[in-house]
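First comes the structure, then the notes that go with it.
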Amino acid sequence: GYMIPRKSVFNRIIGDSHFELEFAGFLEQCSDVAAYAKNYLAVHFKLDYVNASGDISNYYPDFIVRLTDGRVVVVETKGQEDLDVPLKMARLQQWCEDTNRVQSVASYDFVFVDDAGFEKYNPKSFADILDGFRKYKRA
């Protein structure tokens, strides 16, 4: 499926899952989201990481979101977690820290949003996402 967005740089958002389309619809309604993009393979924003088998793999996060305050948040959405999710999130956190250390144009952060938590907590803003979905964040 797909949706026609207002806040994306792309003219269609094609979801790899129903939850991705639902999340894109949520981003459209958030007053604290200025713009977002679904990370397609053609965009080619990827991170290499060591997977659960010990091999080097590529990880393509799901969304890149620019907030109205200028921060950029990389979002991973998931229906079911697999063994690689913690490894991907650790790599994404390291990427954000490294990127923030070497540049000051934008501040980068990340968040992991699972569909069960999204349905249960029913966030109303992206700030609710950042406040409520803290899994994989270092203390």
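Bear in mind that the values here come from a model prediction, so they are computed numbers and not experimental data.
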May I ask whether [X] and [Y] are part of the same hydrophobic cluster, defined by side-chain heavy atoms of I, L, V, M, F, W, Y residues being less than 4.5 angstrom apart, directly or through others?
| X | Y | value |
| --- | --- | --- |
| Tyr108 | Phe45 | yes |
| Phe63 | Tyr2 | yes |
| Val50 | Tyr59 | no |
| Ile4 | Tyr40 | yes |

Is the shortest side-chain heavy-atom distance between [X] and [Y] below 4.5 Å?
| X | Y | answer |
| --- | --- | --- |
| Leu130 | Leu67 | yes |
| Ile56 | Asp48 | yes |
| Val85 | Lys78 | yes |
| Asn100 | Glu97 | no |
| Val111 | Val73 | yes |
| Leu92 | Val74 | yes |
| Asp115 | Thr77 | no |

Show me the donor-acceptor pairs within less than 3.5 Å that the side chains of residues 10-18 make with the rest of the protein, sequence neighbours left out.
| unit_1 | atom_1 | unit_2 | atom_2 | d |
| --- | --- | --- | --- | --- |
| Asp16 | OD2 | Lys38 | NZ | 3.3 |
| Ser17 | OG | Phe19 | N | 3.4 |
| Ser17 | OG | Glu20 | N | 3.1 |

(request) Apply ring-ring contact (aromatic ring centres under 6.0 Å, His included) to Phe133 and list each qualifying residue two or more places apart in sequence or on a separate chain. (result)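 Phe133: no ring-ring contact (aromatic ring centres under 6.0 Å, His included) contacts found.
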(message) Holding to ring-ring contact (aromatic ring centres under 6.0 Å, His included), I want the full list of residues that pass it with Tyr60, two or more places apart in sequence or in another chain.
(response) none
(request) Kindly state each residue pair satisfying side-chain hydrogen bond (donor to acceptor under 3.5 Å, both in side chains) with at least one member in residues 26-35, sequence neighbours excluded. (result) Glu28-Tyr36
(request) Any side-chain hydrogen bond (donor to acceptor under 3.5 Å, both in side chains) involving residues 79-90? Give me the pairs, sequence neighbours left out, ordered by first then second residue. (result)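 Every side-chain hydrogen bond (donor to acceptor under 3.5 Å, both in side chains) pair that includes a residue of residues 79-90, provided the two are not neighbours, is Tyr49-Asp84, Glu81-Lys135, Glu81-Tyr136.
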(request) For Glu119 and Asn122, indicate whether the former's side chain and the latter's backbone hold a donor-acceptor pair under 3.5 Å. (result)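 No; zero donor-acceptor contacts below 3.5 Å.
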Spacing of [X] atom [atom1] and [Y] atom [atom2] [to the nearest 0.5 Å]:
| X | Y | atom1 | atom2 | value |
| --- | --- | --- | --- | --- |
| Ile64 | Ser8 | CD1 | OG | 10.0 Å |
| Leu87 | Asn51 | CG | CG | 7.5 Å |
| Lys124 | Ile129 | NZ | CD1 | 11.0 Å |
| Leu21 | Met3 | CG | CE | 7.5 Å |
| Gln94 | Met89 | CD | CE | 13.5 Å |
| Gln93 | Asp98 | CD | CG | 10.5 Å |

Determine the minimum heavy-atom distance between [X] and [Y], stating which atoms define it.
| X | Y | answer |
| --- | --- | --- |
| Ala37 | Val9 | CB-CG2, 4.2 Å |
| Pro123 | Asp128 | CB-CB, 3.7 Å |
| Gln103 | Thr99 | CG-O, 3.0 Å |
| Ala106 | Gly70 | CB-O, 4.3 Å |

(message) Please determine whether side chain to side chain contact (heavy atoms under 4.5 Å, CB included) holds for the pair Val65 and Leu27, giving the CA-CA distance in whole Å, both sets of side-chain angles, and the decisive distance to 0.1 Å.
(response) CA-CA 8 Å; Val65 178; Leu27 294 174; 4.0 Å; yes
(request) Start with the C-alpha gap between Thr68 and Val33, add the side-chain angles, then the distance that decides, and say whether side chain to side chain contact (heavy atoms under 4.5 Å, CB included) holds. (result) CA-CA 6 Å; Thr68 54; Val33 170; over 6 Å; no
(request) Return the set of residues passing salt bridge (Lys or Arg N to Asp or Glu O under 4.0 Å) with Asp55 (not counting sequence neighbours), or none when no residue passes. (result)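 Listed in chain order: nothing, the list is empty.
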(message) Please report whether the ring centroid of Phe110 lies less than 6.0 Å from that of Trp95.
(response)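 Not close enough - the centres of the two rings lie 6.0 Å or further apart.
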